[in-house]
Structure formats: C-alpha cells, structure tokens
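To start, the structure itself, in structure tokens.
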Amino acid sequence: MTSAAPVISDVAYQDLLNDPYPIFKRVRDTASAVFVAAANLTLVTRFDDIVKIERDPVTYSSDNPTSLVNKVMGPTFMRKDGAEHATGRKAIEPSFRSGTIKEHWTPRFAEISERLINSLSGAGEADLFHALAAPMASLSLMEMIGFKEMPWETLALWSQFLIDGAGNYARDAEIERKAMEAGSGIDAAIEAVLDHHRAHPNPSILSSMVHADPPMPIEEIRANIKVIIGGGLNEPRDAILTLTLGLLANPAQKESVLVKPELWPNAFEEAVRWISPIGMYPRRVTRETDLSDVMLPEGLQIGLCVGAANRDDRRFSNPDMFDIFRPRQSHLAFGAGAHFCAGTWVSRQTVGKIVVPMLFERLRNLRLREDAPPLIRGWVFRGPVSLPVRWDA
Amino acid sequence: MPKIIFVSADGVTREVAAGADQSIMQAALAAGVPGIVAECNGAAACATCHCYFDPAYAACVGEIGEQESEMLDFAASERTADSRLSCQVRVMAEMDGMTVRVPALQ
C-alpha cells in the first residue's frame with residue numbers, strides 16, 4: 001500500500017557523521033524513502049530503488065535551480081539533465097578517455113606517487129592523510145585540470161571550501177565567504193593558463209573545454225572546473241586511504257593481494273563499496289510518483305545514499321565486512337546513469353594500480369598503530385580523516 | 001519490431017522485440033535480459049553493457065566509435081572482434097533474428 005514517507009526524528013547529525021551505517025540500515029528496513037530530520041532530507045537507501053531512480057531522469061531530475069552547488073559554483077553540468085548535461089560532459093571527455101589515461105596520465109601520476117612515497121620512506125611513521133593521500137590527489141588533479149603548479153595545500157583548501165559551501169544549508173556567513181574566496185582564486189588560476197591551452201591543445205581538462213565543438217563558454221568553464229575541484233580531490237584521496245585501511249586491517253587479504261597482484265582491481269572495487277567516498281547526492285522529484293510504495297510529492301528533494309545502497313544486505317552478504325573475495329557484483333560508488341562518474345577509470349588506475357600497490361611495495365611491514373587508531377568521518381562524503389601508520393624504515 | 005536473440009554465457013536464450021528508436025542495451029534492459037548491467041545508462045563510460053554481435057550482421061551493427069573502442073579495452077570479459085558496447089548499437093529493422101551473446105562478466 002502506498003503511503004507518505006515515514007519520519008525518523010531521534011537521530012542526531014553527529015551520529016550520521018560518526019557512523020551512518022546503523023542509521024542507513026534502519027532507514028533501509030523502514031521504507032524505500034524516509035525523512036530523516038537530522039539531515040533535513042528524504043533519504044533513499046536501497047540499491048534497487050537508486051538504480052531505478054537513476055534510470056528515470058525525467059521523474060528524478062538533477063536539475064535544481066535553487067541548489068547550493070549552483071549558488072557557490074555557477075551553472076554546472078552536474079545539475080543538468082539530458083542534452084545540456086551531455087554537451088558539458090562531452091566537452092571534458094577527451095581528458096578522461098581510456099587511451100589518454102593509459103598513455104598520458106598513468107606515467108605522470110606514477111611519477112608523483114613515486115616522489116611522495118620516496119620522500120616519506122625514511123621516516124618510519126606518518127599519517128597517510130597528509131603525507132600521501134591528500135597531496136597525491138591534489139597534485140594529480142592540478143595536472144589533469146591543466147593548472148600551473150601550485151602548493152598542493154592550495155587546491156586542497158579550495159576543494160574543501162567549495163564542498164563546505166555546497167553543503168552550507170545553515171547559510172553560515174563565514175563558510176559562504178570562504179567558498180566565494182576559493183571561487184575567485186580558481187577563476188584567477190583558470191585565467192592564468194587559458195591562453196596557453198588555447199594555443200597548445202593537450203590532454204588537460206581545460207584544453208578539452210576550450211577545444212570542444214562548440215568551445216565551452218567561459219562561465220561554464222569556471223563552474224565546471226569548480227565542480228571538478230570540489231568533487232575530484234576528496235574522492236581519490238579517500239579511496240587511497242580506505243583501500244590502504246581495508247588491507248591493513250585484514251592482513252590475510254593484504255597477503256593475498258601482495259602475492260597475486262591481479263587482485264588489486266577487486267580490492268579497489270571492494271574498498272569503494274565498503275566506504276564509498278561520495279555517500280550521498282541529491283535529486284529532485286519532478287512529478288508526484290510512487291517509489292516502491294512510498295508516495296513522493298512533486299518538488300521533493302531526495303538524497304540518494306549510495307553509501308547505504310553499497311551495504312544493502314538484500315544485495316551484498318555481510319555488507320559491513322571488507323572482503324576482496326566477495327563475488328563480483330556492480331556497486332554504486334561511482335553512481336549510475338548519465339551522471340556516472342567521469343573520473344571512474346582515472347581513479348581505478350591511479351588508486352588501485354599505482355598509488356596503493358606502490359605504497360605496500362615500498363614501505364616494508366606497513367602496519368596500523370595500536371596507540372593511534374584511524375579516524376573515519378562523514379556521511380555525504382566519507383573517508384578516513386586520519387590514518388597513522390608505521391613501517392620498517 | 002525486429003526480434004533480437006540474447007544468449008547468456010551459460011547458453012540460455014531469450015527473444016526480445018526491440019523498438020527501432022532504442023539501443024540494443026535499452027532493448028535488453030527493458031526486457032530484463034540478465035548480464036547487462038549498463039552502469040552509465042548509455043554514455044559509453046562504463047563498459048558494463050559489453051556484448052558479442054553476430055558478424056553476419058556487421059553491416060547494420062555499424063562501425064565502432066573511438067571512445068567506445070577505448071572503453072572496451074577495460075571490459076571485464078575478453079574483448080573479441082565481435083565486441084561492442086550494446087548502448088552504442090542502434091536497433092535496425094534488418095536486425096530481425098540477430099543473435100547477441102552476453103558475456104559472463106561485466
């Protein structure tokens with residue numbers, strides 16, 4: 001029988017940040033869509049429902065004129081459907097093509113990874129968040145976009161400020177100010193290199209944008225580069241840390257993958273299923289509709305919790321376990337449908353084949369610290385915010 | 001409507017009436033053909049609707065695109081001369097009776 005979305009009001013926002021999975025399970029077991037007061041959003045958490053939604057962009061639109069992302073970043077193709085989205089997506093595709101990844105990005109990213117790991121190898125201990133994952137993600141994104149070299153911290157800060165601004169539902173003035181400041185910094189960084197990319201076509205994203213047919217208008221370049229910075233830095237960073245953590249916490253699986261390197265792709269897919277770097281993204285209901293017996297009214301904002309769907313026990317057995325040997329099955333860590341993550345293959349290559357294998361190869365007896373456990377946070381974006389480790393230097 | 005015969009990796013066949021305005025992937029999804037995942041729903045970005053097409057129908061299946069070809073290098077099952085991303089192949093009336101083999105893994 002169809003009814004309105006049930007409400008869960010006894011959950012604190014802090015609980016979602018600390019460990020969203022028990023809450024996700026409760027939502028999943030309650031109904032297809034549940035209003036969670038702490039999140040101020042109707043959440044969809046079941047695997048099959050999210051797939052159904054992503055196959056129906058007419059009923060469940062990405063286009064949202066009032067979205068904070070649009071306010072903070074400008075008109076981006078992440079918040080468009082159909083032809084408008086496709087044009088933007090096509091303009092960046094050359095940079096993300098598998099041939100370009102193999103021939104151009106793989107050697108560049110291997111070099112950055114090697115430099116970072118070499119520079120920390122003598123220390124014997126480090127927090128891999130700041131020592132490896134964040135600079136790796138930042139420096140490689142900088143190259144991929146086609147920016148002039150800058151300190152990795154600059155791009156990382158811009159990314160964080162944009163994300164904070166896009167999630168600033170409380171309209172905090174200071175958060176808004178920082179997001180706008182990051183936006184100006186990015187506009188200036190684009191301006192500084194745009195003529196170069198116009199004159200010298202190359203595999204970078206900015207080059208793809210200015211050489212697209214028709215070339216992407218400047219205001220869209222600015223907005224879409226902001227989306228790519230907001231979304232392209234924390235995901236690879238968090239995936240590097242999550243895959244490393246999954247293996248360090250499960251030594252038998254780690255041994256298996258070190259003996260059989262062909263298992264790396266499985267290990268990577270399992271890591272992003274287990275703790276999906278993007279845990280939730282929004283859609284807007286364009287017409288009253290029935291989602292698996294819950295009536296969703298027109299105009300309703302819903303949050304697709306792919307982090308929850310990837311632990312849906314209707315689809316994955318023992319979903320809370322990290323298990324690189326689970327039967328191969330597609331997950332939703334990269335989303336689904338027309339907005340399926342453009343960076344999927346870059347990420348599979350960089351995280352699963354370059355950085356993490358190199359880390360385990362170079363740092364002997366890499367291990368977690370019993371006196372300093374890892375810290376994992378977030379539900380919209382989730383990943384380790386601290387991963388202290390030791391090795392035999 | 002042309003009938004397309006999908007054959008799963010374990011030999012089970014399923015006949016699907018395909019609409020002329022569809023891709024082979026869309027026809028398969030609409031009929032619930034197992035083994036076609038189509039994560040990106042037709043954007044040639046994921047390689048999870050990989051299929052093997054009967055070479056006898058090569059003329060109406062058409063040429064492979066550059067982006068599609070590169071993506072097929074990442075397919076989970078072996079790529080052969082008959083490999084295509086089914087989202088990039090349009091249904092044509094001449095395809096009536098064509099066999100499409102679905103690989104074991106996507």
Side-chain angles (χ1 to χ4, degrees), chain A residues 47-48 50-58 60 62 77 81-83 85-90 92-104 106 208 262 265-266 269 306 309 315 327-349 352-353, chain B residues 6 8-10 16 18-19 21-51 63-80 83-91 102-106:
Chain A
F47 193 96
D48 291 345
I50 294 181
V51 169
K52 191 154 80 182
I53 287 169
E54 288 291 46
R55 290 203 193 290
D56 183 5
V58 174
Y60 302 97
S62 304
F77 67 96
D81 295 315
H85 163 260
T87 308
R89 171 117 183 180
K90 200 164 177 296
I92 65 160
E93 245 167 34
S95 307
F96 291 91
R97 285 165 64 153
S98 38
T100 313
I101 296 170
K102 276 192 259 185
E103 286 153 33
H104 190 80
T106 296
S208 296
E262 63 269 29
N266 298 40
E269 298 302 324
V306 289
R315 181 176 176 87
R328 192 189 165 100
Q329 226 174 353
S330 65
H331 54 73
L332 287 169
F334 296 108
H339 291 270
F340 181 76
C341 174
T344 302
W345 297 96
V346 179
S347 148
R348 284 179 170 151
Q349 191 74 12
K353 293 196 174 163
Chain B
F6 290 93
S8 68
D10 52 11
V16 170
D21 55 345
Q22 289 183 310
S23 67
I24 295 289
M25 174 211 86
Q26 286 167 328
L29 283 186
V33 173
I36 301 211
V37 179
E39 279 176 348
C40 79
N41 211 25
C46 73
T48 58
C49 68
H50 174 206
C51 288
E63 290 286 307
I64 193 164
E66 201 180 344
Q67 157 93 358
E68 178 190 351
S69 176
E70 290 184 351
M71 194 48 70
L72 274 168
D73 287 341
F74 283 149
S77 291
E78 189 201 0
R79 178 181 183 171
T80 74
S83 286
R84 292 292 305 267
L85 294 183
S86 58
C87 69
Q88 300 301 302
V89 179
R90 306 302 302 176
V91 171
V102 181
L105 274 182
Q106 291 287 4

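Proteins come first, then strands; the chains are lettered A, B, ... in the order of their sequence lines, and each starts at number 1.
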Discussion item. Could you go through A:E54 and B:N41, starting from their C-alpha distance and side-chain angles, then the distance that decides it, and tell me whether this counts as side chain to side chain contact (heavy atoms under 4.5 Å, CB included)?
Written reply: CA-CA 8 Å; A:E54 288 291 46; B:N41 211 25; over 6 Å; no
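- Taking the side chain as every heavy atom from C-beta outward, A:W345 and B:M71 approach each other to under 4.5 Å.
- Counting heavy atoms from C-beta on, the side chains of B:L105 and A:R328 come closer than 4.5 Å.
- There is no contact between A:H85 and chain B, counting heavy-atom distances below 4.5 Å.
- Atom OG in A:S98 sits 11.0 Å away from atom CD in B:E68 (nearest 0.5 Å).
- Interface remark: A:S330 contributes backbone and side-chain atoms alike to the contact with chain B (heavy atom separation under 4.5 Å).
- Taken to the nearest 0.5 Å, the CD atom of A:E93 stands 4.5 Å off from the CD atom of B:Q67.
- Of the residues considered (A:G99, A:C341, A:P265), A:G99 shows the highest number of contacts with chain B, using heavy-atom pairs under 4.5 Å.
- For the options B:S69, B:A76, B:A45, B:G42, heavy-atom pairs under 4.5 Å to chain A are most numerous at B:A45.
- To the nearest 0.5 Å, the span separating SG on B:C46 from CZ on A:F334 amounts to 11.5 Å.
- Expressed to the nearest 0.5 Å, how far OG1 of B:T48 lies from CZ of A:F340 amounts to 6.5 Å.
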Discussion item. Pair B:E39, A:L332 - check side chain to side chain contact (heavy atoms under 4.5 Å, CB included), show working.
Written reply: CA-CA 8 Å; B:E39 279 176 348; A:L332 287 169; over 6 Å; no
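- Within 6.0 Å of CD on A:E262 lie more than 12 heavy atoms contributed by other residues, nucleotides or ligands.
- Here the CZ-CD1 distance, from B:F74 to A:I101, works out to 5.0 Å after rounding to the nearest 0.5 Å.
- Residue B:Q106 touches chain A through its backbone alone, counting heavy-atom pairs closer than 4.5 Å.
- A salt bridge does not link B:E70 with A:K102: none of the charged nitrogens is closer than 4.0 Å to a carboxylate oxygen.
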